[in-house]
J.: 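Before I ask anything, here is the structure I am working with.
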Amino acid sequence: MSEYNPPVIELTVTRLKEFLRETEAIFWVFGFPLLLALALGFAFREKAPDRIPIGIVDAPNAKQRLALLSRSPALLPRIYDPAAAEQVLRTGKVSLLVEGTGVVIYRFDATRPDSRVARLEADDALQAAAGRRNPQPVRDQLVTERGSRYIDFLIPGLLGMNIMGTGMWSVGFNVVNARTRKLLKRLIATPMRKSDYLAAQFLARLGFLFLEVITLLVFTRFVFGVRVNGSWLLLGAICVAGAAAFSGLGILIASRAKTIEAVSGLMNVVMMPMWLCSGVFFSYERFPDAAKPYIRALPLTALNDALRGVMTEGLSAARVAPQLGIMLAWGVVSFLVGLKIFRWQ
Amino acid sequence: MNDVASSAIFCRGLKKYYPDVKAVDGLDLSIARGECFGLLGPNGAGKTTTIEILEGLITADAGEVEVLGMRWEGHEAELRERIGLALQETQLNEKLTVLEVLRLFRSFYRAGPSPAELMKQLSLDEKMNSRVGKLSGGQKQRLSVACGLVGDPDILFLDEPTTGLDPQSRLQLWDVVARFRSKGGTVLLTTHYMDEAQRLCDRIAIVDHGRLIALGTPAELIASLQASNVVEFTTQPLLAEAFVGAIPTQHGFIRHGEGWQLRVDSLAVSVPAIIASIEKSGTRLVTLSTHEATLEDVFVSLTGRELRDE
Ligand SMILES: Nc1ncnc2c1ncn2[C@@H]1O[C@H](COP(=O)(O)OP(=O)(O)OP(=O)(O)O)[C@@H](O)[C@H]1O
Ligand SMILES: [Mg+2]
């Protein structure tokens with residue numbers, strides 16, 4: 001007997017082998033998230049704050065003003081003749097117009113924050129050049145703390161989205177494929193336990209989950225310096241809970257679908273709201289308060305919140321326990337319902 | 001002899017109605033232990049539906065089923081250990097190798113032959129590390145049968161195991177069935193091939209439209225034609241029925257394709273009589289052929305149709 005593994009192990013191992021032999025799947029699970037992280041990471045990398053374009057109305061003193069204002073790191077001044085200056089201010093191409101001889105006239109829209117900043121910066125530069133002394137000595141200290149950048153917000157979200165996507169797809173696609181090929185029917189004609197088959201889907205999922213999470217974390221650690229501030233063990237537990245939630249959902253969604261098209265449609269219907277609401281790319285704090293309890297009950301929200309909590313804030317297990325609970329509940333309930341209504345042929 | 005207790009497979013009054021067709025329409029069968037039993041019938045006759053009901057994969061609308069003296073309800077776990085099967089169409093995991101598939105299936109059963117033994121038995125050992133997706137049709141079919149044998153079953157169900165195979169692969173599968181039987185196994189198989197049924201089966205049930213239309217050993221069924229030979233001929237124009245009916249030593253005739261088919265005892269008497277009738281009628285003989293009566297003719301005589309629409 002010992003020569004043969006228990007069915008659930010054999011099912012898991014063969015499922016893993018099948019997966020690793022599927023080149024396209026490998027790309028979607030490992031390659032795609034890396035590309036996405038790379039693209040978004042570069043799009044939102046930190047760079048020097050943009051200079052604010054301002055206009056100087058052409059006059060004999062304009063050249064001199066241009067030289068003074070160009071010294072300000074916050075401003076991008078240019079000289080315009082009077083008619084053109086009107087035009088660029090009105091269309092918002094510049095935030096501020098500087099004109100006048102003797103008295104300096106600033107023309108700007110006070111409701112635009114960048115105009116107000118430009119006004120202050122320009123005034124500072126001109127006053128300093130005119131000989132103003134600041135009575136109070138000051139020093140600026142700039143913050144670029146790790147963990148507070150957009151990329152630090154983004155990576156846990158991408159990780160969560162990937163755990164959801166590959167979890168649901170790998171289970172859903174595989175199950176429906178086996179059903180259309182009558183493989184499920186063949187399997188239930190053996191003494192195999194049905195729950196073993198479905199449990200193996202989840203266990204195999206854990207196998208490539210591990211590879212998937214490590215690849216993304218190592219990659220973003222070296223390329224963007226994204227760190228895990230909390231416990232790695234806790235992070236692992238959160239990923240497993242996420243995998244449980246989404247394998248369960250995958251099984252539920254695939255439990256009756258007869259074609260790949262049908263299951264794809266269902267997957268998208270289920271995943272789309274979570275892509276939008278669960279705080280992958282931007283925080284769900286922007287949604288109305290009334291909607292937030294529902295958003296927080298979604299498995300991807302729970303996963304993203306827990307991942308962010310541990311990766312950026314270094315939260316303890318107790319603090320992410322509610323999220324872990326939400327994910328496990330989704331996993332267990334959808335697994336049981338899926339098993340109950342599962343169509344084997 | 002075929003009472004319920006000693007039957008390997010027994011069913012009575014089996015019915016399965018689909019919205020637009022009666023797939024199985026009141027079938028009674030009793031298959032003895034150690035017997036090889038063939039279900040024969042044209043496309044859509046209900047063979048697959050019947051065999052899958054007996055395999056416990058489809059529930060019948062009406063009727064009783066007993067396998068090894070047990071009903072499916074309440075004994076599924078035990079029965080699954082004791083039967084093996086090959087479905088009419090299953091695509092096993094394409095990305096796995098032959099050995100991996102057999103190990104997987106073997107893990108489901110308490111006891112049975114090792115994958116190595118099975119691969120040897122089914123001449124798959126050279127392919128043991130090939131992906132299932134890369135196997136030929138015959139090799140896939142043999143793997144499928146190997147998966148049926150992997151739990152050392154008492155009963156083997158084979159749904160069209162040799163359809164689409166070349167003659168050599170068919171012979172190989174027949175060998176496997178023969179070996180399984182020599183160890184006391186019971187076989188229920190479906191097929192379109194008369195020679196296969198005649199060679200392999202102790203008894204045959206011919207089904208059509210979900211009903212049993214004939215049952216017996218191959219010899220009995222052929223004997224039921226009461227004629228040892230079949231003559232088929234066509235004429236231009238068609239020979240009138242009155243002339244055909246008058247031909248001697250015949251046991252019935254039917255319209256067949258463009259002409260007639262007659263079951264006769266003696267070719268020496270009947271063939272000259274046919275030619276004489278044709279001349280007398282003023283029609284012209286186009287083709288004439290004869291063969292020894294087969295199961296195919298039994299089917300044609302019972303239904304007026306060919307077994308295979310080819
Ligand atoms: N799930 C189903 N739903 C509706 N009709 C079905 C279903 N399964 C089978 N049938 C119909 O029942 C009839 C019997 O089908 P079955 O597959 O049992 O025939 P068969 O004898 O195995 O034919 P073949 O030789 O082509 O395999 C057919 O008319 C088929 O179309
Ligand atoms: Mg069939």
Side-chain angles (χ1 to χ4, degrees), chain A residues 1-27 29 170-171 173-201 203-204 207-208 258-260 342-345, chain B residues 48 51-52 54-59 72 75-97 99-116 131-134 140 143-145 147-153 155-157 159:
Chain A
M1 270 322 295
S2 58
E3 207 188 324
Y4 302 99
N5 294 321
V8 69
I9 303 293
E10 273 296 330
L11 284 162
T12 305
V13 171
T14 50
R15 173 77 193 98
L16 270 173
K17 283 182 180 163
E18 258 184 307
F19 168 76
L20 291 172
R21 290 169 188 172
E22 195 103 38
T23 342
E24 306 86 347
I26 299 279
F27 169 74
V29 171
S170 66
V171 173
F173 192 84
N174 185 256
V175 164
V176 174
N177 202 22
R179 183 179 296 126
T180 56
R181 298 158 64 90
K182 305 236 165 112
L183 180 57
L184 287 184
K185 187 174 188 172
R186 181 63 188 88
L187 288 174
I188 57 155
T190 71
M192 180 195 80
R193 296 219 316 258
K194 293 172 179 174
S195 53
D196 277 355
Y197 176 79
L198 296 179
Q201 291 284 345
L203 291 177
F208 42 95
K258 279 185 180 154
T259 62
I260 294 293
F342 205 85
R343 196 202 294 271
W344 289 92
Q345 25 184 310
Chain B
T48 296
I51 203 170
E52 288 187 357
L54 300 175
E55 290 163 347
L57 293 172
I58 299 179
T59 42
W72 275 103
H75 298 96
E76 171 146 12
E78 188 181 348
L79 282 174
R80 292 269 168 246
E81 284 282 352
R82 293 181 58 190
I83 69 163
L85 56 89
L87 296 174
Q88 185 170 359
E89 33 172 340
T90 300
Q91 293 154 296
L92 297 160
N93 321 46
E94 303 246 298
K95 303 268 172 194
L96 297 180
T97 66
L99 177 61
E100 286 163 349
V101 167
L102 286 174
R103 285 192 65 93
L104 176 66
F105 275 81
R106 177 62 186 81
S107 78
F108 301 145
Y109 295 88
R110 278 197 289 263
S114 71
R131 302 267 173 94
V132 172
K134 300 260 189 297
K140 277 186 189 160
L143 176 59
S144 175
V145 172
C147 289
L149 290 170
V150 79
D152 193 18
I155 305 180
L156 184 61
F157 295 88
D159 195 356

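Note on naming: letters A, B, ... go to the chains in the order of the sequence lines (proteins, then strands), and numbering restarts at 1 for each one.
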J.: Relative to chain B, which of A/T14, A/T180, A/L187 shows the most heavy atom pairs under 4.5 Å?
T.: A/T14
J.: Do you know which of B/L87, B/L79, B/L85, B/V150 has the most heavy-atom pairs under 4.5 Å to chain A?
T.: B/L85
J.: Suppose we screen for side-chain hydrogen bond (donor to acceptor under 3.5 Å, both in side chains). Which residues come up paired with A/K185, at least two apart in sequence or across chains?
T.: B/E52
J.: Are the side chain of A/T12 and the backbone of A/V8 linked by a donor-acceptor contact shorter than 3.5 Å?
T.: yes
J.: Highest number of heavy-atom pairs under 4.5 Å with chain A: which of B/L92, B/I58, B/V101, B/I83?
T.: B/L92
J.: Between B/P153 and chain A, which part of the residue has a heavy atom less than 4.5 Å away: side chain, backbone, both or neither?
T.: neither
J.: I'd like to check the side-chain hydrogen bond (donor to acceptor under 3.5 Å, both in side chains) partners of B/Q91; sequence neighbours left out, ordered by chain and number.
T.: none
J.: Hey, can you tell me if B/F108 and B/F105 have their rings parallel, tilted or perpendicular (30° and 60° cut-offs)?
T.: perpendicular
J.: Sort B/E55 into side chain, backbone, both or neither according to what part of it lies under 4.5 angstrom from a heavy atom of chain A.
T.: neither
J.: Need one label for B/F157: side chain, backbone, both or neither, based on atoms under 4.5 Å from any heavy atom in chain A.
T.: neither
J.: Checking A/Q345 against chain B: side chain, backbone, both or neither under 4.5 Å from a heavy atom?
T.: side chain
J.: Relative to each other, are the rings of A/F19 and A/F208 parallel, tilted or perpendicular (30° and 60° limits)?
T.: parallel
J.: Please flag which part of A/I9 lies under 4.5 Å from any non-hydrogen atom of chain B: side chain, backbone, both or neither.
T.: neither
J.: Just by modelled atom types, is the A/R343 backbone N or O under 3.5 Å from a matching donor or acceptor in the A/R179 side chain?
T.: yes
